[in-house]
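Working notes, structure below.
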Amino acid sequence: MKMTTISFLVNGGRVLLAEKKRGFGLGFLNGYGGKVQEGETPAEAAVRELREEASITVAPATLDKVAVIEFFDGDDPVTECHIFFCTAWSGEPQESEEMATPEWFDRAHPPFERMWAADRVWLPLVFGGQKIQAKAYYAKGIKEMSRFEHMPLT
């Protein structure tokens, strides 16, 4: 199973989201992230992806791991995703080749209709302060979520 990251820039009750412009997740709002490269830790990959996709600088110590979620297409593993919150960065988040111009949203009412189906289940948990390990199963084709299992992150 390939390892990936998603990082959410958070400021109080707000979260920064951007629409994916290409590749996996095209058209969905999300945080910033991508594949962990050989020799990288998930935190190092998150720092790199934030630099590449949002043009900001983040110190690894400012990342707070809030979840590790394994995503499945039917029973086929897709990715093990390490999810971080970041509350401190340098620079102003910008549009990139990968991500559209970012927008701030209320964490209590994110635009779930523009996001992945599983986000409706796990984001309220982590926005509510829980740190989780989870498995998100999508029906084959990754259109609808079929089940979600989680426990505290250890």
*Treating Ile, Leu, Val, Met, Phe, Trp and Tyr as nodes and any side-chain heavy-atom pair under 4.5 angstrom as an edge, say whether Phe71 and Met3 lie in one connected cluster.*
no
_Assess the residue pair Thr154 and Gln133 against the criterion (side chain to side chain donor-acceptor pair (under 3.5 Å)); give the C-alpha distance rounded to whole Å, side-chain angles, the decisive distance to 0.1 Å, and a yes or no._
CA-CA 8 Å; Thr154 56; Gln133 293 178 193; 2.8 Å; yes
_Quick one, Tyr32 and Ser96 - any side-chain contact, counting heavy atoms below 4.5 Å?_
no
*Do Val121 and Val68 share a hydrophobic cluster (ILVMFWY, side-chain heavy atoms under 4.5 Å, transitive)?*
no
*Taking all non-hydrogen atoms of both residues, which atom of Cys86 and which atom of Ala88 are closest, and how far apart?*
SG-O, 3.2 Å
*Could Lys20 and Glu98 be called an ion pair, given the rule that one side-chain N must be under 4.0 Å from one carboxylate O?*
yes
_Could you report the tightest heavy-atom contact between Ile83 and Phe8, atom names first, then the distance?_
CG2-CE1, 3.8 Å
*Criterion ring pair (Phe, Tyr, Trp, His ring centres under 6.0 Å) on Phe148 and Trp116, from CA distance to verdict*: CA-CA 13 Å; Phe148 185 84; Trp116 286 95; over 10 Å; no
_What I want to check is whether the side chains of Glu49 and Ser7 have a donor and an acceptor closer together than 3.5 Å._
no
*Take atom CD of Glu144 as the centre, draw a 6.0 Å sphere, and report whether it contains more than 12 heavy atoms from other residues, nucleotides or ligands.*
no
*His150 and Ile132: which non-hydrogen atoms are nearest, and at how many Å?*
CD2-CG2, 3.9 Å
_Criterion side-chain contact (heavy atoms from CB on, under 4.5 Å) on Glu19 and Lys21, from CA distance to verdict_ = CA-CA 6 Å; Glu19 185 176 317; Lys21 291 168 46 176; 5.8 Å; no
*Quick one: sort the Phe84 and His82 rings into parallel, tilted or perpendicular, breaks at 30° and 60°.*
parallel
*Between Val15 and Val10, what is the shortest heavy-atom contact and its length?*
CG2-CG1, 4.1 Å
_Other residues, nucleotides, ligands: >12 heavy atoms within 6.0 Å of Lys35 NZ_ = no
_Hydrophobic clusters here meaning ILVMFWY residues chained together by side-chain heavy-atom distances under 4.5 Å, can you tell me if Val36 and Leu153 are in one?_
no
*Check whether the ring centres of Phe112 and Phe105 lie less than 6.0 Å apart, and answer yes or no.*
no
*asked:* Please tell me whether Val66 and Leu123 are part of a single hydrophobic cluster in this structure, the criterion being side-chain heavy atoms less than 4.5 Å apart.
replied: yes
*Under a 4.5 Å cut-off applied to non-hydrogen side-chain atoms, are Leu9 and Ile56 in contact?*
yes
*asked:* I need the minimum non-hydrogen distance between Ala100 and Ala18, along with the two atoms involved.
replied: O-CB, 3.4 Å
*Could you pull out the closest heavy-atom pair between Leu63 and Ala43, with the gap in Å?*
CD1-O, 3.6 Å
_Can you tell me if Asp75 has over 12 outside heavy atoms packed within less than 6.0 Å of its CG?_
no
_Remaining members of the apolar cluster that contains Phe72, side-chain heavy atoms under 4.5 Å_ = Met1, Tyr137
*Which distance, rounded to the nearest 0.5 Å, do you find between the NZ of Lys65 and the OG1 of Thr5?*
10.0 Å
_Minimum side-chain heavy-atom gap Ile69-Ile6 below 4.5 Å_ = no
